[in-house]
Amino acid sequence: MREKFKGILLIFLVMCSMGLTYRLWFGRPPLEEGTAPRYEYAYFTPLPPLSEVVRPKEIIFCGGEKPHLYRRGEEEYRRLWSRGRRTLAQVLDPEKMKRCSSEELEAAREKAAFKLVYAFDPPFPLEFSSERLATTGVDARVITFLWGKDSRAIFMEGNEIYGLPLPEEAWSQDEFLPTAVKPGLQLPPVLVLNVVDEQAGETGCNSFETAETPGETGSLSLGIAGNAGTAQGESYEIRVSGEIFIEEEGLTAAEIMLEKEDLQREELVKAFFLDLSMARRIEEKDGAFYYTNGEKGLRIYTSGLVEFTAPRLDSSLQQRMPYSQALQKGIENLSLYGGCPPSAYLCAARNSGNGYRLSWCQVTDGLVWVGENAGCEIVLNEQGVTFYRRNFPVAGAEIAARRPFRPYEDALRQAVCLYWDKLPGKKATLLSLRPVYYLTAGKNGQAVPAWAVDFAETGVIYLHWSTLKPL
């Protein structure tokens with residue numbers, strides 16, 4: 001009897017050892033897999049409609065001598081996008097959409113008298129406009145409305161090109177014509193910079209000229225100071241990647257004081273931790289508060305910056321999440337964890353292998369806010385959010401009177417003068433050129449207007465909008 005009892009006890013101890021070993025190796029399920037509390041759906045801000053999750057990077061209207069450019073945050077941009085998405089929801093039908101070649105699209109563009117282009121970055125899932133397209137999986141980078149005297153059509157460009165005729169009953173030309181004039185220009189595919197060896201000015205650069213007709217090669221005459229180490233008569237070839245549009249005139253801005261976002265700290269902590277009794281709070285020397293339950297951590301800085309990590313949810317073995325699902329989960333988590341400000345736009349989305357990395361940025365008067373830790377970044381997978389960083393300062397008063405941006409030609413000139421030694425073979429690829437607000441670091445942060453010049457060889461260069469000094 002005694003030996004039998006020992007045998008049973010030994011079996012029990014072995015089973016306990018196996019159970020504890022399994023728990024040690026594989027851990028316990030994340031708290032998020034438990035019963036969701038009532039405040040799970042207590043979003044800081046309401047969820048936007050799906051058609052507003054991804055909005056165009058810019059809208060271009062062509063119907064005359066010059067194109068017109070409208071950027072995020074502008075009133076005319078909002079009106080044109082509102083009309084465009086309503087039309088898409090009304091007419092998109094997978095049975096009527098047909099695949100088209102690039103030649104067919106180009107022929108339709110040449111034939112059309114008017115063209116309204118919605119350029120997206122990141123791409124826009126067409127299923128967000130109509131449930132009828134839920135199974136198509138079409139993500140559009142460009143949506144173009146073309147119309148003339150006798151024809152109307154929509155073209156959607158993604159991995160493939162789709163075309164769709166516009167029925168007359170769903171069309172009102174007046175609603176698609178801009179009510180605000182904002183002329184712009186398109187940079188030519190190639191800019192040739194002729195270098196002249198001479199002493200000149202504070203920046204060491206002289207003025208230059210460029211061809212005005214899109215599609216042609218522009219010739220830029222550039223002067224660099226003699227101590228720059230360049231030989232007289234050398235030239236730089238700048239290739240323009242894709243289509244880059246710039247405002248022709250009237251672009252003004254001023255430095256803006258920044259104020260800390262007023263976050264409800266206790267409510268924010270409750271959104272991240274289902275059981276507050278399991279979260280330990282630590283006040284750090286710099287005044288930041290750190291919350292952790294051993295599996296994830298939340299740090300709230302005195303500046304308003306919020307960072308959250310959940311390493312246990314970060315796994316390369318996750319099932320791949322569809323792009324449209326990642327966007328939906330992303331906006332849900334942004335609305336749940338602090339809310340989505342009215343000025344925030346989704347500005348980047350990419351598959352990082354074990355999940356999606358989504359970024360939101362703020363926009364004021366069409367200018368994107370950029371800088372270290374600016375905006376919000378979320379990394380998520382099927383299990384949940386693995387990383388979250390949020391910094392949405394509030395725009396305060398303008399520091400001084402608004403002043404015009406220096407011409408974009410001056411910004412290109414200054415960028416080449418500063419980084420000519422990093423352009424191998426005296427060639428460069430211009431990925432983007434845009435006016436932005438650059439957020440300075442420090443206790444008294446400011447949003448400084450700037451030109452963002454992005455060469456493939458140098459990365460992004462931020463230049464003060466008035467002095468063109470590097471920021």
request  = Assess whether salt bridge (charged side-chain N to carboxylate O under 4.0 Å, His left out) is satisfied between Arg390 and Glu261, documenting all intermediate values.
outcome  = CA-CA 10 Å; Arg390 176 193 184 94; Glu261 182 182 17; 2.8 Å; yes

ask   = Given Glu160 and Arg99, is the salt bridge (charged side-chain N to carboxylate O under 4.0 Å, His left out) satisfied, shown in steps?
value = CA-CA 7 Å; Glu160 295 182 289; Arg99 287 185 175 88; 2.9 Å; yes

inquiry  = side-chain contact (heavy atoms from CB on, under 4.5 Å), that's the test. Do Leu268 and Phe44 meet it? Break it down for me.
reply    = CA-CA 9 Å; Leu268 184 63; Phe44 279 73; 4.3 Å; yes

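- A salt bridge between Glu74 and Lys182 is present, with a side-chain N of the basic residue lying under 4.0 Å from a carboxylate O of the acidic one.
- Between Glu332 and Lys329, no side-chain nitrogen of the basic residue sits less than 4.0 Å from a carboxylate oxygen of the acidic one, so the salt-bridge criterion is not met.
- Checking Arg86 against Ser82 by side-chain atom types alone, a donor-acceptor pair falls below 3.5 Å.
- Ion pairing of Glu95 with Arg132 is absent here, as no side-chain N (NZ or NE/NH1/NH2) approaches a carboxylate O to less than 4.0 Å.
- With hydrogens and angles disregarded, no donor-acceptor distance shorter than 3.5 Å links the side chain of Arg239 to the backbone of Leu430.
- We find that Arg389 and Glu377 are joined by a salt bridge, their nearest charged nitrogen and carboxylate oxygen being less than 4.0 Å apart.
- In summary, Arg71 and Glu247 engage in a salt bridge, as defined by a charged side-chain N under 4.0 Å from a carboxylate O.
- Of the possible polar contacts, none joining the Asn333 side chain to the Leu336 backbone as a donor-acceptor pair under 3.5 Å is found.
- Here Glu58 does not pair with Arg72 in a salt bridge; the nearest charged N to carboxylate O distance is not below 4.0 Å.
- Between the side chain of Ser151 and the backbone N or O of Trp147 there is no donor-acceptor pair closer than 3.5 Å.
- Using a distance-only test at 3.5 Å, with no hydrogens or angles considered, a donor-acceptor pair links the side chain of Lys296 to the main chain of Phe272.
- When atom types are taken as modelled, the side chain of Thr45 and the backbone of Cys340 share a donor-acceptor pair closer than 3.5 angstrom.
- The main-chain N or O of Leu367 is never found under 3.5 Å from a side-chain atom of Thr364 such that the two would form a donor-acceptor pair.
- The cationic group of Lys57 does not satisfy the cation-pi geometry with Phe120, failing either the under 6.0 Å distance to the six-membered ring centre or the 45° limit from the ring axis.
- Screening Val91, Leu146, Leu116 for a side-chain contact (heavy atoms from CB on, under 4.5 Å) involving Ile154 leaves a single residue, Val91.
- Looking at every heavy atom in both residues, Phe145 comes nearest to Thr87 through CE2-CG2, 3.9 Å.
- Using a cut-off of 4.0 Å between Lys/Arg side-chain N and Asp/Glu carboxylate O, Glu75 and Arg79 are scored as not salt-bridged.
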